[in-house]
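Just so you know, these numbers come straight off a predicted model, no measurement behind them.
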Protein chains: 2
Amino acid sequence: MMIYQKLLRNSGYKLTPQRQLIIDVLLENNQSHLSAEDIYQLTVEVSPELSLATIYRTLELLTELKVVKQVNFGDGLMRYELGDDSDLHHHHHLVCVVCQKIEEFNEDWLGEIEDRIEQEHGFQILDHRLIFQGICSNCRKNDN
Amino acid sequence: MMIYQKLLRNSGYKLTPQRQLIIDVLLENNQSHLSAEDIYQLTVEVSPELSLATIYRTLELLTELKVVKQVNFGDGLMRYELGDDSDLHHHHHLVCVVCQKIEEFNEDWLGEIEDRIEQEHGFQILDHRLIFQGICSNCRKNDN
DNA sequence: GTTTTTGCAAACAATTTGCAGGGAT
DNA sequence: ATCCCTGCAAATTGTTTGCAAAAAC
């Protein structure tokens, strides 16, 4: 937590209790791809006065500082995940269309593909998003 | 256009003038990744009484019938593209963060990756979305 | 005591919905 | 005559913003 205080300070921001709480929630639910509303539901128990607006503002700030990354699964809202850049670049998602659960997996084979795209299209790649939609092993067992 | 009439009929729907017009606009702007609002702007010239609500309902219907596919580039609104499934599966996007232009490219190397995921995760893949964000060749030349 | 940061409520933008009228079969 | 389809306006949802008060330095 000292880490985050320092990180904010260095950029001219303060680690307020609200921001601390939001970061805590993100840390505790690391693999969960929380939405702003999800975070609100988790913080409201601890600190009912914390407003959704503050959550959005904090997430915007943390995104700017690269503490969190926004991910859009196309389900109508933004989701946020903690993580450092090096991880995230090789980190993708499997979204189950039955139970909506999101699995993660890591791979780095996009590297060579990116090289090819840069050569063939002259397109300088900064980031990518790869999302697979399908049916997870659990739902396949319960063959819905 | 007969094709679409048949397609709708077979599913119990009618090819109304409004639906026809929306399909025409999609056909004429095939590579354009139009949003609902874009389509509205294009139809309103021809047929000013056509409402945005009808466009949304038509796009929902066409999505259901697999005539169009929704694509979410994470820019806050849904975009729609015509196309048959076989194409779309090997069809990805390069989104320029400078000029917002969207290039397309086709590749099918995700096949082997999908096989691996199915084996390792027991996850049955139905679809995927791969989007690269970066700087297009044009914007690189004008070195912004 | 100035600068951040917050909570509240209002504003906003994209999309959806309820309903009553219009059109096709 | 029924059922599908449409336009309109209102509702909904996710997110952003203006402003005045509270907190941090």
Colleague: Where the side chain of A:M78 is defined as all heavy atoms beyond and including C-beta, which of D:dT15, C:dT16, C:dG7 is the nearest nucleotide?
Modeller: D:dT15
Colleague: Cluster question for you: counting only ILVMFWY and a side-chain heavy-atom cut-off of under 4.5 Å, with indirect links fine, are B:V71 and A:V71 together?
Modeller: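 No, B:V71 does not connect to A:V71 through the hydrophobic network.
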Colleague: I'd like to know if the side chain of B:T63 and the backbone of B:L59 have a donor-acceptor N/O pair within less than 3.5 Å.
Modeller: yes
Colleague: To the nearest 0.5 Å, tell me how far B:Q124 CD sits from A:C96 SG.
Modeller: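 Interatomic distance, B:Q124 CD to A:C96 SG, rounded to 0.5 Å: 10.0 Å.
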Colleague: Measure the distance from CG on B:L59 to P on C:dT15 and round it to the nearest whole Å.
Modeller: 9 Å
Colleague: Would you tell me if any nitrogen or oxygen in the side chain of B:Y56 comes within less than 4.0 Å of OP1 or OP2 on C:dT16?
Modeller: no
Colleague: Rounding to an integer number of Å, can you tell me how far A:L52 CG sits from C:dC12 P?
Modeller: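 Those two atoms, CG and P, are 19 Å apart.
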Colleague: Rounding to a whole Å, what distance do you find between A:E49:CD and C:dT6:C1'?
Modeller: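 So the two atoms are 10 Å apart, to the nearest Å.
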Colleague: Can you tell whether the side chains of A:D24 and A:R19 come within less than 4.0 Å, N to carboxylate O?
Modeller: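 Judged by the 4.0 Å cut-off on N to carboxylate O distance, A:D24 and A:R19 do not form a salt bridge.
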Colleague: Please report, rounded to the nearest Å, how far the P atom of C:dT5 is from the CD1 atom of A:I23.
Modeller: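 Whole-Å distance recorded here is 13 Å.
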Colleague: With the sugar-phosphate defined as primed atoms, P, OP1 and OP2, and the base as all remaining atoms, what B/S/- string results for nucleotides 19-25 of chain D, 5' to 3', for protein heavy atoms under 4.0 Å?
Modeller: -----SS
Colleague: Note every stem involving DNA chain C: at least three consecutive Watson-Crick or G-U wobble pairs, i with j then i+1 with j-1, with both distances under 3.5 Å.
Modeller: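 Expected stems, ordered by start: C:1-14 with D:12-25, C:16-21 with D:5-10, C:23-25 with D:1-3.
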Colleague: Just say parallel, tilted or perpendicular for the rings of A:F105 and B:H121, cut-offs at 30° and 60°.
Modeller: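 Aromatic pair A:F105/B:H121 classed perpendicular.
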Colleague: Could you check how far CG of A:L62 sits from P of C:dT5, rounded to whole Å?
Modeller: 12 Å
Colleague: With respect to the side chain of A:T54, which nucleotide from C:dG7, D:dG7, D:dG14 is positioned closest?
Modeller: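 Selected nucleotide (nearest to the side chain): C:dG7.
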Colleague: Does anything in residues 35-43 of chain A reach DNA chain C, meaning a heavy atom under 4.0 Å, and if so which residues?
Modeller: none
Colleague: If you take the centroid of each ring, where Trp contributes its six-membered ring, are A:F73 and A:H93 closer together than 6.0 Å?
Modeller: yes
Colleague: Considering every strand and a 4.0 Å limit on heavy-atom distances, what is the contact class for B:E60: base, sugar-phosphate, or nothing?
Modeller: nothing
Colleague: Indicate whether any N or O donor in one side chain lies under 3.5 Å from an N or O acceptor in the other, for A:E104 and A:H91.
Modeller: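 The answer is yes; a qualifying pair exists.
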Colleague: Rounded to the Å, how far apart are A:L21 CG and C:dT6 C1'?
Modeller: 14 Å
Colleague: With no hydrogens and no angle check, do the side chains of B:E114 and B:H128 hold a donor and an acceptor under 3.5 Å apart?
Modeller: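 The answer is yes; a qualifying pair exists.
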Colleague: Any link between B:I22 and B:L65 through a network of hydrophobic side chains (Ile, Leu, Val, Met, Phe, Trp, Tyr) touching at under 4.5 Å?
Modeller: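 They do share one cluster, since a chain of ILVMFWY contacts under 4.5 Å joins B:I22 to B:L65.
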Colleague: Using the side chain to side chain donor-acceptor pair (under 3.5 Å) criterion, which residues pair with B:E28? Sequence neighbours excluded.
Modeller: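 None.
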Colleague: For B:Q18 and C:dA24, give me the distance from atom CD to atom C1', rounded to whole Å.
Modeller: 12 Å
Colleague: So, using side chain to side chain donor-acceptor pair (under 3.5 Å) as the criterion, who are the partners of B:S137 when residues are at least two apart?
Modeller: none
Colleague: Given atom CG of B:L34 and atom C1' of C:dT15, what is their separation to the nearest angstrom?
Modeller: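 Roughly 17 Å, once rounded to whole Å.
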Colleague: Taking salt bridge (Lys or Arg N to Asp or Glu O under 4.0 Å) as the cut-off, I'd like each qualifying pair that reaches into residues 49-65 of chain A, sequence neighbours left out, listed once.
Modeller: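 The answer is none; no pair qualifies.
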